[in-house]
Amino acid sequence: MKKDEVPQDGNNLHRGTFKQLFYAVDNSGDYTTASSVGWEPENVALDQAWEEVEKRVAETRARVESGEASPIAYYMERTLLDLPLLASKAGKFGWQVKRHMKPGVFKKLSAGMIARYAGIFGIPAETLQKGELLPFQRPQ
């Protein structure tokens, strides 16, 4: 792609917070760097991906609020973690974390384990212990 062809679609999801670096060919035929604020196909794909994330977080929140799952399940979705990654960060096996997602088991977790999960999720331990569900927001 030529340097003057690097996409500069103004309506992007980054909202001007950062630019992407592309390699492009300049007028003399040499590769050079060029920045871009985004382009429409990328913006559409990112928007669709975030809509899917929001849907999954909302579904998990409903499961927690109905008593089918513990707050750990909600915060796992909210922080974009999956079961193997959360288990690895918590120093537990996947089956143990899956067990902790059951409301009855969650209520019996030690303060230390709650604090470990809270640290992973970046929330206060008291918030997790009380079962408070903080709202989800797309990163800006």
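Bear in mind the structure is a predicted one, so any value in this text is a computation, not a measurement.
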Report the C-alpha separation of R138 and D47 in whole Å, then their side-chain angles, then the decisive distance to 0.1 Å, and conclude whether the side-chain contact (heavy atoms from CB on, under 4.5 Å) test is met.
-> CA-CA 10 Å; R138 287 185 188 188; D47 193 43; 2.9 Å; yes

Return the set of residues passing side-chain hydrogen bond (donor to acceptor under 3.5 Å, both in side chains) with E59 (not counting sequence neighbours), or none when no residue passes.
-> none

Any chance you could measure L81, atom CG, to I72, atom CD1, to the nearest 0.5 Å?
-> 12.0 Å

A115 versus A125, closest heavy-atom pair with distance | CA-CB, 4.1 Å

Stepwise side-chain contact (heavy atoms from CB on, under 4.5 Å) check, V57 with E54 = CA-CA 5 Å; V57 170; E54 289 169 341; 5.8 Å; no

Heavy-atom closest pair (G67 atom, P103 atom, distance to 0.1 Å) is O-CG, 3.2 Å

Would you say R78's side chain and P135's backbone share a donor-acceptor pair under 3.5 angstrom?
-> yes

Please report the shortest heavy-atom distance between V64 and Y74, naming the atom on each side.
-> CG2-CB, 3.9 Å

Does any pair with a residue in residues 112-133 pass ring-ring contact (aromatic ring centres under 6.0 Å, His included), and if so which ones, sequence neighbours excluded?
-> Y75-F121, H100-Y117

Please walk me through it: do V53 and F136 pass side-chain contact (heavy atoms from CB on, under 4.5 Å)?
-> CA-CA 10 Å; V53 168; F136 174 77; 3.6 Å; yes

CE-NZ distance between M76 and K89, expressed to the nearest 0.5 angstrom = 13.5 Å

Step through the shown structure and confirm whether more than 12 heavy atoms of other residues, nucleotides or ligands are within 6.0 Å of NZ on K98.
-> no

Would I120 and T79 count as a side-chain contact (heavy atoms from CB on, under 4.5 Å) if you check the C-alpha gap in whole Å, the side-chain angles of each, and the deciding distance to 0.1 Å?
-> CA-CA 9 Å; I120 294 166; T79 55; 5.9 Å; no

Return yes if some donor-acceptor pair links the side-chain N/O of S88 with the main-chain N/O of P84 below 3.5 Å, else return no.
-> no

Which atoms form the tightest heavy-atom contact between P71 and L128, and what is the distance?
-> CB-CD1, 3.8 Å

To the nearest 0.5 Å, what is the distance between OG1 (T127) and CG (L133)?
-> 10.0 Å

Closest approach of F106 and I114, non-hydrogen atoms and distance?
-> CE1-CD1, 3.5 Å

How long is the gap from CE on M101 to CD on E68, to the nearest 0.5 Å?
-> 14.0 Å

Just how far is it from atom OG1 of T32 to atom CG of D26, taken to the nearest 0.5 Å?
-> 5.5 Å

Backbone N/O of F93 and side chain of Q96: donor-acceptor pair under 3.5 Å = yes

Is it true that V97 and V105 fall in one hydrophobic cluster, defined by side-chain heavy atoms closer than 4.5 Å?
-> no

Which atoms form the tightest heavy-atom contact between R61 and L134, and what is the distance?
-> NH1-O, 3.7 Å

Any donor and acceptor pair, going by atom type alone, linking the side chain of R116 with main-chain N or O of A90 inside 3.5 Å?
-> yes

